[in-house]
Amino acid sequence: MQTAELLLELGRWYLMAGGVVAAAFLVFGIDRVEPSARGSYAFRPLLIPGICLIWPLVLYRWFTLEKHGEDAR
Amino acid sequence: MSVQYTPVIWNRNKIFYDAVLLIAVVLYLYIYIRVAPGFEDVTKPIDGAILRMRAFGSCAFLMLTVILCIGPLARLDRRFLPLLYNRRHFGVMTAGIAAVHANYVLTWYYNFSPTDKYVALLSSNTNYGQILGFPFETLGIVALLILFVLAATSHDFWLSFLGAPIWKALHMFIYAAYACVVLHVALGALQGAGDPIFTSVVAASVVLVSGLHFATGRMEARRDRGEETAKASLQEKGWLVAGELDEIDDDCAKVVTLSDDERVAIFKYDGKLSAITNACAHQNGPLGEGKVLWGCITCPWHGYQYNLSDGRAPAPFTEKISTYRLKLIGSTILLDPNALPPGTHVDPVEIGEAA
């Protein structure tokens, strides 16, 4: 029981952290690293579940693209 | 990428594809839930919630099977390619159907106790050390999480943002999801009362998915071996490996140096390849740096033009330059270094499938 509760709590915190990353990325980051997203807003809510699920990878790519630009693609 | 993103790109073909898919899913669920119970053993009636749970679960399993078969089928026979073009929508729908299955499980088996249903799901059976009675639900949870990640990252944005290698590696987890689903079914549903139809369907799915991947792997290995033999044989005859197809941009050339005073420009244009000498007949201008228009190359120095297939200037001009023979083996371009007399016609190499 305790392990299950701990796992669920970890999952909850992971998704909440993902929500924070999603907000930051969709408001500030996406326009800086993804030229095709500039001026395009309707599709952004679709990205929220993905960012919440793989936010460590999103942070890594955001950082890499900021640092190395298009060469990182 | 210069095109702005939209939530979902639909065209006529995709709408048709999605409509057929949706109709097939609805039909399957209708037959499973409404028609099939009419043929069940009346001494062992199945509860409505369990029936719906099984209907959605088996539907997701079959959809996953089809998704995994589309790739190898399209490689074995190009007529299956249309199925490949909209596979992402198929995947998203599969994740949705699997989620409905999971919701039925949660609300039926774990909803009637004071314990939180998610806690109950994870803690009611923790006998991971045994085969019979293995907590197969965990395998279903892992598969569902993978399907969620794949569905959530199926938009074009993710391919561009993550880069093709990472995106592809991430989406290869579909095989892990399938393995988890097969084990989820084998250790769960198949352990109960014998259901020969469902057992056969699961076995057929595993045989089909593995068989198609094995057949495709063998076919590609055989083709690769054939290409290597063809390449080696041409090289023995003096042909040179000039480079790979993806090294040349459309309407551009790759210049290959044969000797100090002999350079060949290999052009990619209109889905074809042609090779001519790099030196313009007028003042030796670098033709490889010129622009291709209507199958003609224009010298960047003084604007002299030559037809790429025969090295002749369009009428009424009479200049001629040497042409070269090319072959495309897989994606490797091979060049016959012996220049043909100026103005000799050489059929351009069609890029076709190799592109």
Side-chain angles (χ1 to χ4, degrees), chain A residues 1-16 18-19 21-22 24-73, chain B residues 1-10 88-89 91-92 95-96 99 106 110 113-128 135 137-138 141-142 144-171 173 177:
Chain A
M1 185 81 92
Q2 275 182 340
T3 313
E5 282 167 350
L6 181 70
L7 279 173
L8 287 168
E9 197 60 22
L10 280 175
R12 207 166 286 137
W13 280 101
Y14 179 87
L15 290 178
M16 277 162 61
V21 173
F25 181 71
L26 293 178
V27 174
F28 305 111
I30 193 167
D31 290 321
R32 296 169 58 91
V33 298
E34 194 59 44
S36 302
R38 288 174 199 150
S40 185
Y41 300 99
F43 86 103
R44 296 188 188 198
L46 281 184
L47 307 182
I48 296 172
I51 300 172
C52 289
L53 287 168
I54 58 164
W55 61 265
L57 188 56
V58 171
L59 282 180
Y60 163 73
R61 284 299 292 172
W62 185 0
F63 175 75
T64 312
L65 287 166
E66 285 272 5
K67 201 172 170 195
H68 303 288
E70 287 301 308
D71 294 341
R73 239 181 269 278
Chain B
M1 210 179 276
S2 57
V3 180
Q4 282 197 335
Y5 291 125
T6 52
V8 185
I9 299 172
W10 260 307
R88 288 188 216 179
H89 290 199
V92 173
L106 275 171
Y110 301 99
S113 82
T115 312
D116 176 79
K117 57 186 175 186
Y118 294 101
V119 174
L121 173 69
L122 292 175
S123 59
S124 59
N125 179 5
T126 53
N127 298 318
Y128 288 97
E137 296 88 349
T138 312
I141 295 169
V142 173
L144 190 61
L145 282 175
I146 294 174
L147 290 181
F148 277 164
V149 170
L150 303 194
T153 57
S154 61
H155 193 277
D156 280 344
F157 160 83
W158 290 102
L159 179 58
S160 167
F161 174 66
L162 295 176
I166 296 179
W167 189 85
K168 208 167 174 194
L170 187 66
H171 281 248
F173 273 93

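Chain letters run A, B, ... following the sequence lines, proteins first and then strands; every chain starts at 1. The shown structure was predicted, so the numbers you read here are calculated from the model rather than taken from an experiment.
- With a 6.0 Å radius and a threshold of 12 heavy atoms from other residues, nucleotides or ligands, B:Tyr128 has its OH atom above the threshold.
- Without hydrogens or angle criteria, B:Ser154 side chain to B:Ala151 main chain gives a donor-acceptor distance under 3.5 Å.
- Neither the backbone nor the side chain of A:Arg44 comes within contact range of chain B; no heavy atom of the residue lies under 4.5 Å from a heavy atom of that chain.
- For B:Ile166, the part sitting under 4.5 Å from any heavy atom of chain A is the side chain, from C-beta outward, and nothing else.
- At least one donor-acceptor pair closer than 3.5 Å links the side chain of B:His155 to the backbone N or O of B:Thr6.
- For the pair A:Leu26/A:Ile51, a side-chain contact is recorded, criterion being any heavy-atom separation below 4.5 Å from C-beta on.
- Chain B forms the most heavy-atom pairs under 4.5 Å with one residue out of A:Ile54, A:Ile30, A:Leu7, and that residue is A:Ile54.
- Heavy atoms of A:Ile48 lying under 4.5 Å from chain B are absent altogether.
- Tested against A:Phe25 for a ring-ring contact (aromatic ring centres under 6.0 Å, His included), the candidates A:Trp62, A:Trp55, A:Tyr60 yield a single pass: A:Trp62.
- By number of non-hydrogen pairs under 4.5 angstrom with chain A, the leading residue of B:Leu162, B:Thr153, B:Leu150 is B:Leu162.
- Note on A:Leu65, A:Val33, A:Leu47: by heavy-atom pairs under 4.5 Å with chain B, the leading option is A:Leu47.
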